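Heads up: the structure comes next, in structure tokens.
As the structure is a computational prediction, the values presented were derived from the model and not from experiment.
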Amino acid sequence: MVVRVIATDEALALIDLLKSKHGPIMFHQSGGCCDGSSPMCYAEGDLILGDVDVLLGSIGEVPFYMHESQYDYWKHTQLIIDVVNGRGGMFSLEGVEGKRFLTRSRAFTEEEYTEVKKLL
């Protein structure tokens, strides 16, 4: 089965830290302005999901959602959630840690993308 979203070891370590501090958390990447192109980490329940949000999978046992219009741009890629030093979105939980989540990607092979399209 093709995995649509994965995380680096550094991202998983930061996710564990955030879960220990905040309890259940979630990710959302909207694609709008105001940091929308970055994965945002929220305490579970702090962001109300809509019918247009797609669950791509989980990283570190944390659900990762993306707005469907943003997903249209990324559907041919596997998202790789990473961490870099610096300040990210002001509403994202990792900001106070001096880190920010970052989305990297790699294009699916033809075989992988065929499988992904079946899941839509």
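Shown here is Glu61, whose CD atom has no more than 12 heavy atoms of other residues, nucleotides or ligands within 6.0 Å.
Counting only heavy atoms from C-beta outward, the side chains of Asp53 and His67 approach each other to under 4.5 Å. Here the side chains of Leu49 and Met26 are in contact, with some heavy-atom distance below 4.5 Å. Tyr42 has its side chain out of reach of His22: every pair of non-hydrogen atoms, C-beta onward, lies at least 4.5 Å apart. Taking the side chain as every heavy atom from C-beta outward, Pro63 and Leu55 approach each other to under 4.5 Å. Residues Ile81 and Thr103 meet the side-chain proximity criterion, which asks for heavy atoms closer than 4.5 Å. Counting heavy atoms from C-beta on, the side chains of Phe101 and Leu14 come closer than 4.5 Å. Between Met66 and Leu79, the closest side-chain pair of non-hydrogen atoms falls below 4.5 Å.
Residues Val52 and Trp74 do not share a hydrophobic cluster, clusters being chains of Ile/Leu/Val/Met/Phe/Trp/Tyr side chains in contact below 4.5 Å. Using a 4.5 Å cut-off between side-chain heavy atoms of Ile, Leu, Val, Met, Phe, Trp and Tyr, with links allowed through other members, Phe27 and Tyr73 fall into the same hydrophobic cluster. Under the 4.5 Å side-chain heavy-atom criterion for grouping Ile, Leu, Val, Met, Phe, Trp and Tyr, Phe91 is not connected to Leu102 through any hydrophobic cluster. A chain of hydrophobic side-chain contacts below 4.5 Å, direct or via other Ile, Leu, Val, Met, Phe, Trp or Tyr residues, connects Leu56 to Leu12. Taking hydrophobic clusters as Ile, Leu, Val, Met, Phe, Trp and Tyr residues chained together by side-chain heavy-atom distances below 4.5 Å, Ile6 does not share a cluster with Phe64.
In terms of modelled atom types and a separation under 3.5 Å, the side chain of Lys21 and the main chain of Leu93 share no donor-acceptor contact. Using modelled atom types, one side-chain atom of Thr109 and one backbone atom of Glu112 make a donor-acceptor pair closer than 3.5 Å. Without hydrogens or angle criteria, Gln78 side chain to Val3 main chain gives a donor-acceptor distance under 3.5 Å.
The minimum heavy-atom distance linking Gly45 with Ile48 is given by the pair O-CD1, 4.2 Å. Closest approach of Leu18 to Cys41, counting heavy atoms only: CD1-SG, 3.9 Å.
Residue Ile80 holds its CD1 atom at 11.5 Å from CD1 of Ile59, rounded to the nearest 0.5 Å. Taking CD of Glu97 as the reference point, atom OG of Ser92 lies at 11.0 Å (rounded to 0.5 Å). Distance check: His76 NE2 to Tyr71 OH gives 10.5 Å after rounding to the nearest 0.5 Å. Interatomic distance, Lys75 NZ to Arg4 CZ, rounded to the nearest 0.5 Å: 11.5 Å. Annotation: the span from Asp16 atom CG to Ile25 atom CD1 amounts to 8.5 Å, rounded to 0.5 Å.
In this pair, Phe108 and Tyr113 present their aromatic rings parallel. The plane angle is below 30°, not in the 30 to 60° band.
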